[in-house]
2 protein chains.
Amino acid sequence: MSRKIDPRIKRTKRLFKEALISLIQENYDKSKLTVQTIAERAELNRATFYLHYRDIDDLMEQTINEILEELHETLKGATEDAHFTNGSNRLVSFLEHFYRNAGLYNVMLENKDFRKRVFAILLDIVIYWSEYRKKKGRSFNVPNEIVAASVLGIVTWWLEEGTPYSPNYLANFIVERFK
Amino acid sequence: MSRKIDPRIKRTKRLFKEALISLIQENYDKSKLTVQTIAERAELNRATFYLHYRDIDDLMEQTINEILEELHETLKGATEDAHFTNGSNRLVSFLEHFYRNAGLYNVMLENKDFRKRVFAILLDIVIYWSEYRKKKGRSFNVPNEIVAASVLGIVTWWLEEGTPYSPNYLANFIVERFK
DNA sequence: GTATTTTATTGACACGGTATCAATTAAACA
DNA sequence: TGTTTAATTGATACCGTGTCAATAAAATAC
């Protein structure tokens, strides 16, 4: 019995995901994206695609899962060495991760499912931040959801505009907004 | 020479737009939307579609233009009878318009072009609001773009969650956030 | 290292939607 | 009422999808 994954499968799935990401990064019109195009970019046969994915949405979903896994790892690190000054260093890690993958996230955030999951992560950050502020006697005067939605709006705009501020500078604006 | 528009054209274009909107409102999967489906819903022939639109994107764009035209009209009214208390009554009109057409806007805001145009309208509102505050000596401490992006994030979330607050209540939260 | 198993490739297929056309029917206009 | 314009109809070539059986290539087991 094959306990380990066949290296061909691992390679094939990696190539398809890389192909999708590279096409997305090039601003390839998402509504015109075909399995053909993805397979060509991956330098694999079209039929091979269907051995691993139901359709493009399926590939997209699996790719999203991996990206968010990465984001989670990044945030985990940020929590552990927390010498935070104003409870916002998780937010900075979050923004730095988006900054590094701006082209990808800019497109991905159009996807409703993806955005909902990013929202959930942001909400966690806000709740954590909110707890920190509560201890200092400076609670938010609006629901955490509204704070998170607000931050997501700012991040989306920031990516659309080509990240005009550094992650740190943007974080300051966001924190400033909630003084 | 035909100075006036042929009533058949007017009727046909209206039917196609109504068909698109009704399908969108029903949460019809946008990526699977076909010209066939739209023509059937409009009770018109598929070939007739191509007499008026290049493709679905074209129909979408023309429909977006009309919706935003309506939004502009709404806001124009709000400015004229402005007995504003805190400079935010344009914002309330904006939210009321979105509230009335929540199902449609919720889907439309996924469209990048549409969102950019709504952002521009919001930015106008924020600038107007900002001027008002400046006179009172309470300027925003962040760029207007960031305020607008923040509001758009909140509105997007509000629509996705099925408008859990009334337009007035939400406006209060937003204004509160910028105290 | 050879045999066995699993994956990838190839070429073929039916299906459905696209975009366009010429011919015909129906409606609007003058 | 005659002329113009729009809508319908049926046909067409084209392209992407999803699946399949046969074959080639690579990985694993012995």
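Because only heavy atoms are used, hydrogens play no part in the values below, and waters and symmetry mates are left out as well, while side chains stay in. Letters A, B, ... mirror the listed sequences (proteins, then strands); counts begin at 1. Everything quoted here is computed from the prediction, not taken from an experiment.
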Checklist line | Closest nucleotide among D/dG18, D/dA7, C/dT9 to the A/T48 side chain | finding: C/dT9

Checklist line | Minimum-distance nucleotide (side-chain atoms of B/Q36 versus C/dT9, D/dG16, C/dG17) | finding: C/dG17

Next item on the list: Indicate whether the side chain of A/N168 and that of A/S166 have a donor and an acceptor atom separated by less than 3.5 Å.
Entry: no

Checklist line | Between P of D/dT5 and CD1 of B/I5, the distance in whole Å | finding: 16 Å

Next item on the list: Decide whether B/N106 and A/K112 meet the rule of one side-chain donor and one side-chain acceptor closer than 3.5 Å.
Entry: yes

Next item on the list: Take B/D6 and B/A47, find for each the nucleotide of DNA chain C with the closest heavy atom, and name the residue whose nucleotide sits nearer the 5' end.
Entry: B/A47

Checklist line | Spacing between A/K10 atom NZ and D/dA27 atom P, to the nearest angstrom | finding: 13 Å

Next item on the list: Please state whether the base of D/dA7 and the side chain of B/R46 form at least one donor-acceptor pair under 3.5 Å?
Entry: no

Next item on the list: Mind calculating the distance between OH (A/Y53) and P (C/dT7) to the nearest angstrom?
Entry: 14 Å

Next item on the list: Round to a whole Å and report the spacing from CZ of A/F49 to P of C/dT9.
Entry: 14 Å

Checklist line | Carboxylate-amine/guanidinium proximity below 4.0 Å for A/E61 and A/R54 | finding: no

Notebook entry, point to check: What's the CD1-P distance between A/I9 and C/dT7, to the nearest Å?
Noted result: 4 Å

Checklist line | Spacing of A/E43 atom CD relative to C/dT9 atom C1', expressed in whole Å | finding: 15 Å

Note to self: It should be established whether A/Y50 places a side-chain nitrogen or oxygen under 4.0 Å from OP1 or OP2 of nucleotide D/dG18.
What the structure shows: yes

Next item on the list: Taking only the side-chain nitrogens and oxygens of A/H52, find out if one of them lies under 4.0 Å from OP1 or OP2 of C/dA8.
Entry: yes

Margin query: Check B/K135 with B/E131, please: is the shortest side-chain N to carboxylate O separation under 4.0 Å?
Written below: no

Note to self: What is the separation between atom CG on B/D55 and atom C1' on D/dC15, rounded to the nearest whole Å?
What the structure shows: 16 Å

Note to self: Please compare A/I56 and B/T12 by the position of their nearest nucleotide in DNA chain D and report the one closer to 5'.
What the structure shows: B/T12

Notebook entry, point to check: How long is the line joining CD1 of A/I38 and P of D/dC15, in whole Å?
Noted result: 19 Å

Margin query: Does D/dT9 have its OP1 or OP2 closer than 4.0 Å to a side-chain nitrogen or oxygen of B/N45?
Written below: yes

Item checked: Pair of N/O donor and acceptor under 3.5 Å linking C/dA28 base with B/R8 side chain -> no

Check: Do A/R117 and A/N111 have side-chain atoms, one donor and one acceptor, less than 3.5 Å apart?
Finding: no

